[in-house]
There are 2 protein chains.
Amino acid sequence: MCVSQVKCAARSHGDSVTSGATRWSGRPSPASGFWNRFHTACHARVVTGDTAEPQGRVPLRAVARVTLDDVARRAGVSAATASRALGDHPHVAEATRHRVREAAAALDYVASPEASRLAGGPTGRVAVLVPHPSRWFFGELIEGLEAELRAAELDLVLFRVGGPEDRRDFFARLPARRKVDAVVVLAFAVDEAEHARLASLGVAVVAAGGRVASYPSVGIDDHRAGRRAVDHLLHLGHRRIGMLAGGDEQRLSPDPDGRSSAWRAALRDAGAEPDEELVATAPWSGEGGAEAMARLLGLSTPPTAVFAHCDEMALGAVRTLRRAGLRVPEDLSVIGIDDHPLAALTDLTTVAQPVREQGRRAGELVVDALRGSAPPRVPPAEMLPTHLVLRGTTAPPGAAR
Amino acid sequence: MCVSQVKCAARSHGDSVTSGATRWSGRPSPASGFWNRFHTACHARVVTGDTAEPQGRVPLRAVARVTLDDVARRAGVSAATASRALGDHPHVAEATRHRVREAAAALDYVASPEASRLAGGPTGRVAVLVPHPSRWFFGELIEGLEAELRAAELDLVLFRVGGPEDRRDFFARLPARRKVDAVVVLAFAVDEAEHARLASLGVAVVAAGGRVASYPSVGIDDHRAGRRAVDHLLHLGHRRIGMLAGGDEQRLSPDPDGRSSAWRAALRDAGAEPDEELVATAPWSGEGGAEAMARLLGLSTPPTAVFAHCDEMALGAVRTLRRAGLRVPEDLSVIGIDDHPLAALTDLTTVAQPVREQGRRAGELVVDALRGSAPPRVPPAEMLPTHLVLRGTTAPPGAAR
DNA sequence: CCTCCGTCCGGAAGCGCTTTCATCACGCGG
DNA sequence: CCGCGTGATGAAAGCGCTTCCGGACGGAGG
């Protein structure tokens, strides 16, 4: 067929190719077809048959591979010197360094990351472990992280580590192995065994969107954020306050009890004994919140206000309430945490947290770890500020006129 | 300080190290500190001073680097044979292959991607170009893609290509260069110059979330989806139908006119001349939709229904309407496209599209391109089905009792 | 005037893998 | 019983880069 290809090497050695070898390179295996076509294009020649490629789908290799040697030659120095010059090593004459830089720029030279890494350099890659990329919170975190990593010329490799089996699989196979310089763990707790496994990667680890002991981390103070929310409801006069808690079977939250304990503490401080009956646990989603809210409505004495662990859950609760014919906030107040963009649209009162900023800071921590000389004695655990955003889903109890 | 390190090599050659060399390796440059600490740990020894690391932050390198040679030795074969065995090449005895596999498994061997790539193999990495990772649509696309790529043991490298300057920067610097086997472009159009640049990467290109001529792609039929939405409104009896169009300065949508042209065509087919006054263009966001809706409300004769290019815009519109004291759908109907999870929560009527599935299929196309032998003559352009989801934001005009 | 010690640079040795080429053992028809 | 094709294997040559070593060179110090 027109896709048959023959190695130059084989060709250049005359027709001494054995039929076996020819068969092998002529019939691309499932794993080699593409590589023949693209990656070894510089060694390969396409032997077009009668049905020549109509689409102009000839090998795409358009840029010639510029190597360090090319740069060195152009600058009139050796490859060793060129490498030193580009790598900002000392003991290179200023003039030489300049010449090499110019040559590199002129040739549009980009070091091969593979060769560089193989010879002892860094990979320039950072792994990001994320439970659920499509949730706004994680998307936002990633966005902040990406911006920072890009500025540092690091690439972001995404690994989804969602359900328990994903998680097991990841830590068992450790696909990030030998592939990255650092790992960022987004918003989930890492247990002892996993910690050990991660440590065996021999890379820097940073946590974002929550705290992980023993790693540098950025996050918010969950307890404080929770207090802000519950205190707001208490301040409005509510005493029977329900809680829609994010389920945490997969330890998605490093501080699963922060928000929950805040609810208890706030109620106690207000002189109201927390009633565990008012806690409904469900997945961190709109559906979860809707379902949990329904459970609370089934109580003989439903709450007059609910505190949801996140905005999605809060919005789910609002839907359940509306469907039940209840008015928000007149009949029941709802507050969340996050300040999801849709919270503004749906007029949801919430406690805002700077999510993208958390990603950004995590990126900085990574860069520090990679570029910095000495790691800090005690891993920094940054807490970014949160603030209450008053909107239309909270009001004093019995506010209906 | 306690972080000073000396190369084993330098040490083993006795104390012939020059003071210059010592100075250089002893004082980690901004770019080398971390690498000394982690990556070249196997060549380095930590010379702890009096202030020994108290945190037990000794070099983390815990796993010994297992090389192909180790595997080969254990299996009692040469490295060449081991490589062939693991790479599924022919001409390897079944028994040998088996032995090598076992040895590799036992040693927990993972090929060094750098070395592999350098020697002509694939990188096992796929670049994903995404405009806006925190938007649900893209997150979902990424999630689908990731699942598929993971199954094929490919890593996903994320590049945010958002605003025009990002875009220019990306295509100018082409950071994916020499780093990936394929590129997936999410939901944005690629112009001629960019196409050429991408082609120069010498990798496979796939588009998802929209069509891009000359690349294999997956997406939905925007025109058809738009028709479904507008036809629904027409069917309910609306004739004065507004449109909240997603702004497309950055050519975020490969088929910018698909949804818009659907609106025109549907109206014409229904015997109503489309009134361009009823088109409000704004960013693809809740805020954008809210603002665009406000503009339409300012018309002397506002529409009785609006078709939004996406659910976020539709939700923004709903907020504007509520704030204006209008009831949805009694006073004005609203329909979107996407079936965003919050659409279900907010009872928004919409045209659902299988976003995650698009990501998944894009992943398959990538794998096909990489593993497949011959690229298809004409790049496949898959259209995934959409369907109308009836909820509570649409009703016949004047439905208020 | 001759060391000694810097600076600056080139040669060369790998990094861990894939692939080519040569070799070897085997079984077969002549 | 020899030559030869065939399948299985090993030795070795790179891939492009970083880094080590030592040589050349020049100025300071004896």
Side-chain angles (χ1 to χ4, degrees), chain A residues 7-14 16-21 23-25 31-32 35-36 39-40 42-43 65-72 75-87 89-97 100 109-122 178, chain B residues 7-14 16-21 23-25 32 35 39-40 42-43 65-72 75-87 89-97 100 109-122 178:
Chain A
K7 293 285 173 193
C8 286
R11 267 286 180 256
S12 66
H13 279 267
S16 70
V17 285
T18 64
S19 82
R23 178 138 49 104
W24 168 237
S25 48
S32 75
W35 312 122
N36 283 345
H39 286 282
T40 58
C42 46
H43 310 295
R65 206 171 214 50
V66 179
T67 72
L68 183 62
D69 268 320
D70 297 326
V71 175
V77 297
S78 72
T81 300
S83 174
R84 277 185 295 247
L86 294 174
H89 286 232
H91 305 309
V92 175
E94 204 40 61
T96 308
R97 187 188 308 282
V100 172
Y109 170 76
V110 178
S112 153
E114 337 296 331
S116 163
R117 175 72 187 93
L118 187 56
R178 302 172 102 185
Chain B
K7 293 287 174 191
C8 287
R11 266 286 180 256
S12 67
H13 279 267
S16 71
V17 283
T18 65
S19 83
R23 178 138 51 101
W24 169 237
S25 46
S32 75
W35 311 122
H39 285 281
T40 59
C42 46
H43 309 297
R65 208 169 211 51
V66 179
T67 71
L68 183 60
D69 268 318
D70 297 325
V71 175
V77 297
S78 72
T81 301
S83 174
R84 277 184 295 246
L86 294 174
H89 286 231
H91 304 309
V92 175
E94 204 39 62
T96 308
R97 188 189 308 281
V100 172
Y109 170 76
V110 179
S112 153
E114 337 298 330
S116 162
R117 176 69 187 95
L118 188 54
R178 303 171 100 183

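Throughout, a chain's letter reflects where its sequence line sits, starting with A, and its residues are numbered from 1. These numbers were taken from a predicted model, which means no experiment stands behind them.
Backbone-only engagement by B:A93 is indicated by non-hydrogen atom pairs under 4.0 Å involving sugar-phosphate atoms exclusively. If you check every strand for non-hydrogen atoms under 4.0 Å, A:A80 touches a base. Using a 4.0 Å heavy-atom cutoff across all strands shown, B:S112 reaches sugar-phosphate atoms only and no base atom.
Minimum atom distance to the side chain of B:T96 is reached by D:dT9, of the listed C:dC8, D:dG16, D:dT9. Comparing C:dC9, D:dG10, C:dC17 by their nearest atom to the side chain of B:T67 picks out C:dC17. For A:S83, the listed nucleotide lying nearest its side chain is D:dT19; candidates were C:dG10, D:dT19, D:dG10. Set against C:dC9, C:dG11, D:dG16, the side chain of A:L118 has D:dG16 as its closest nucleotide. Minimum atom distance to the side chain of B:R84 is reached by D:dT9, of the listed D:dT19, C:dG16, D:dT9. When distances are taken from the side chain of A:L68 to each of C:dC17, D:dC17, C:dG16, the shortest belongs to D:dC17. When distances are taken from the side chain of A:A119 to each of C:dG16, C:dG14, C:dG10, the shortest belongs to C:dG14.
Atom CZ in A:R117 sits about 19 Å away from atom P in C:dG14, given to the nearest Å. To the nearest angstrom, P of C:dT23 lies 18 Å from NE2 of B:H91. Rounded to whole Å, the distance from CD on A:E114 to P on D:dG14 is 21 Å. Rounded to an integer number of Å, the gap from CG of B:D69 to C1' of C:dT18 is 13 Å.
Nearest heavy atoms, B:Y109 versus B:L86: CE2-CD1, 3.8 Å. Heavy atoms only, all atoms of each residue included: A:L68 and A:A79 are closest at CD2-O, 3.7 Å. The two residues A:R97 and A:R84 make their nearest non-hydrogen contact at NH1-O, 4.0 Å.
A sub-4.0 Å separation between OP1 or OP2 of D:dC17 and a side-chain N or O of A:S116 is absent. Regarding contacts with the backbone of C:dT19, a side-chain N or O of B:H89 is found under 4.0 angstrom from either OP1 or OP2. Side-chain nitrogen and oxygen atoms of B:S78 include none within less than 4.0 Å of the OP1 or OP2 phosphate oxygen of D:dT9.
Both A:A111 and B:V77 sit near DNA chain D, but only B:V77 has its closest nucleotide nearer the 5' end.
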